[in-house]
Amino acid sequence: MQLYSTKNTNHIVGLKEAVFKGLPPDNGLYMPTRIPTMGNEFFENIEKMSFQEVGTQAAHALIGDDISANDINNIVHKAIDFDAPAVHIHDNYYALELFHGPTLAFKDFGARFMANLMAYYLQNDSQKINILVATSGDTGGAVAAGFYGLPNINVTILYPSGKVSYLQEKQLTTLGKNITALEVQGTFDDCQHLVKQAFIDHDLSYKLGLSSANSINIARLIPQSFYYFWAYKQLKNLHLPIVFCTPSGNFGNIFAGIMAHKMGLPAHRYIAALNANNTFYEYIQTGTFAPKPSVATISNAMDVGNPSNFARIDNFFGNDLANVKKLMSSYTFSDSDTLATIKHVYHNHQYLLDPHGAVAYLGLQKYFAGDASKTLGVMLHTAHPAKFIDVYPNDMKAKIQIPNALAALADKPKKAVVIGKDYNFFKKTLLDIYP
């Protein structure tokens, strides 16, 4: 698998270098030089495949001969040992539930695949790496769990103080061992900015062997394409075009779906559903991409004012808004819209949405404008509602069962280093942690 930088198509690297470096030296993002098309046989026989078989074939098509088919199979089976069911809500509305992994969020797919891929590359190598990752909520917990205890890998997670849920914070601050949490007095964008500065600080990056586990890393996006194919497999027999609606923050999840589309997935359209952090929606409306400071919402994993993966979307569509609009739509919704939808869907259809899923449901509703009879709407339900229990009114809160994986965190002590937004202090902190 060969990859180029979105800022320099002449900068070409292999998969291993792209995975471990995370970002090109020019601060672009790595893109595959070629996104292959899955053959007709794959789609004709997909009903007979397991989730792991679907993922293995998709991964092998993308990665090629860099890794043997047997090793790819082992990586996929170790990483993805849980399901992603397409659950019927009502009419032609379906929820692709992506929260059945160990940390109850879709980030488990990318984090676990990346952890196993890195472990594969490091198995006969004495190299030590330090993973640096910013989180707006679920990425941190998934990365912490995915990499916990792996030899030769340390993980440092930056998260915005007071802007992740109580249980999300517990997931990324209670493990210890090779996992360190930095509580940043700022927003997710501030966390992301510190991470990007560290990567272009070549002395620091070289000294610590820095790598990223955010969706800026291509290893996160490869496995996220799997569940778009898996949704198609589950709904293929309904013989209707599929519209995917993804609650979007840093835009890695929806770009993985666009990669799947390029690989031949017969999806009709992709909707980026946004909360008040609506930079991409305004780009669709005006043609101008104008990043702005993020604002806090109840769908906190989407609180991103400057989505990194916009660079991949822009590059993929040839920097042409008209091409983007041929495949993508976007809508934006308030917290009051989100909460009202959670209540409506629960009381009328007995299905409990988390705040991010509710934004995706609203996106489908807006797109269909009341008529979904000729299309299947698949909203990506990205996190378990229990992770956001404080959002719900008391009558609904009482009905939410806290999974054991979350309940066990309640009494564990939080361990985090509090830092500000100053890069020099952040750099000193890292060097103190990893002398």
Side-chain angles (χ1 to χ4, degrees), residues 51 80 82-87 89 93-113 135-143 145-146 164-165 167-168 171-172 188 213-215 220-221 223-228 230-231 234 243-258 260 270-275 277 280 297-304 307 309 330-333 335 338-339 341-342 345 351-364 377-389 391-392 400 403 405-406:
F51 194 2
I80 301 171
F82 46 91
D83 196 12
V87 176
I89 302 177
Y93 287 71
Y94 288 80
L96 184 65
E97 293 185 346
L98 302 177
F99 51 74
H100 294 282
T103 70
L104 309 175
F106 82 98
K107 306 292 178 75
D108 284 324
F109 290 91
R112 286 167 63 86
F113 180 88
T135 184
S136 56
D138 288 324
T139 292
V143 169
V164 302
S165 77
L167 289 174
Q168 284 175 320
Q171 284 185 314
L172 58 95
F188 168 73
N214 278 97
S215 59
R220 280 274 306 275
L221 302 189
Q224 288 178 218
S225 70
F226 302 167
Y227 45 71
Y228 287 90
W230 187 239
Q234 295 176 74
V243 172
F244 287 102
C245 188
T246 305
S248 299
N250 218 18
F251 277 71
N253 204 7
I254 197 165
F255 185 72
I258 292 167
Y270 293 86
I271 302 168
L274 310 178
N275 58 24
N277 296 280
F280 185 78
T297 74
I298 61 173
S299 48
N300 64 353
M302 300 156 61
D303 293 349
V304 183
N309 284 289
S330 185
Y331 307 107
T332 178
F333 305 98
D335 276 355
T338 304
L339 191 55
T341 297
I342 290 172
V345 173
Y351 187 82
L352 186 60
L353 295 164
D354 92 298
H356 309 79
V359 172
Y361 179 93
L362 280 163
L364 282 179
V378 177
M379 46 146 287
L380 274 60
H381 198 178
T382 52
H384 194 289
K387 299 185 81 169
F388 307 94
I389 193 165
V391 166
Y392 299 91
I400 300 175
L406 290 180

Which heavy atom of Gly140 sits nearest to which heavy atom of Leu172, and what is that distance?
C-CB, 3.9 Å
Can you give me the closest heavy-atom contact between Pro223 and Gly110, atom names plus distance?
CG-CA, 3.7 Å
Sub-4.5 Å side-chain heavy-atom contact between Asn300 and Phe188
no
Kindly write out the residues that satisfy side-chain contact (heavy atoms from CB on, under 4.5 Å) with Phe251, not counting sequence neighbours, or none if the list is empty.
Ser248, Ile254, Ala272, Leu274, Phe280, Pro307, Asn309, Ile313
Trp230 side chain reached by Pro85 side chain, heavy atoms, under 4.5 Å:
no
For Thr341, all residues meeting side-chain contact (heavy atoms from CB on, under 4.5 Å), sequence neighbours excluded
Val345, Leu353, Ala358, Tyr361, Leu362
At what distance, to the nearest 0.5 angstrom, does CE of Met379 lie from CD1 of Ile89?
5.0 Å
What pairs with Phe333 under ring pair (Phe, Tyr, Trp, His ring centres under 6.0 Å), at least two apart in sequence or on another chain?
none
Kindly compute the distance separating CG (Asp335) from OG1 (Thr297), expressed to the nearest 0.5 Å.
5.0 Å
Mind checking whether His384 and Phe99 have parallel, tilted or perpendicular rings, split at 30° and 60°?
perpendicular
Indicate the ring-plane relationship of Phe51 and Phe109, choosing parallel, tilted or perpendicular according to the 30° and 60° boundaries.
tilted
Measure the spacing between CG of Asn277 and CG of Asn250 and express it to the nearest 0.5 Å.
11.0 Å
Taking Ser225 for its side chain and Gly257 for its backbone only, find out whether a donor-acceptor pair lies under 3.5 Å.
no
Taken to the nearest 0.5 Å, the spacing of Gln171 CD from Thr139 OG1 works out to 11.5 Å
Hey, could you give me the CZ/OG distance between Arg220 and Ser215, rounded to the nearest 0.5 Å?
5.5 Å
Hey, are Thr246 and Asn253 close enough side-chain-wise for a donor-acceptor pair under 3.5 Å?
no
His356 side chain vs Ala301 backbone, donor-acceptor pair below 3.5 Å:
yes
Tyr392 to Asp354 - nearest heavy-atom pair and separation
OH-CA, 3.1 Å
Using the six-membered ring wherever Trp is involved, compare the ring planes of Tyr351 and His381 and label them parallel, tilted or perpendicular (cut-offs 30° and 60°).
tilted
For Ala142, check side-chain contact (heavy atoms from CB on, under 4.5 Å) against everything at least two apart and list the hits.
Thr103, Lys107, Asp108, Ala111
Would you say Tyr227 and Leu380 make side-chain contact, with heavy atoms under 4.5 Å?
yes
Which residues pass the side-chain contact (heavy atoms from CB on, under 4.5 Å) test with Ala86, not counting sequence neighbours?
Leu96, Gln234, Leu235
What distance separates Ile298 CD1 from Thr338 OG1, expressed to the nearest 0.5 Å?
5.0 Å
List in chain and number order the residues that pass salt bridge (charged side-chain N to carboxylate O under 4.0 Å, His left out) with Lys387, two or more places apart in sequence or in another chain; answer none if no residue qualifies.
Asp138
Closest non-hydrogen contact found for Gly363 with Ala273 is CA-CB, 4.4 Å
Contact summary for Ala84 and Leu98, nearest pair of heavy atoms
CB-CD2, 3.8 Å
Val359 versus Ser299, closest heavy-atom pair with distance:
CG2-OG, 4.1 Å
Can you confirm whether Gln224 sits close enough to Phe113 that some side-chain heavy atom of one is under 4.5 Å from a side-chain heavy atom of the other?
no
Side chains of Pro102 and Phe82, heavy atoms from C-beta outward: is any pair under 4.5 Å?
yes
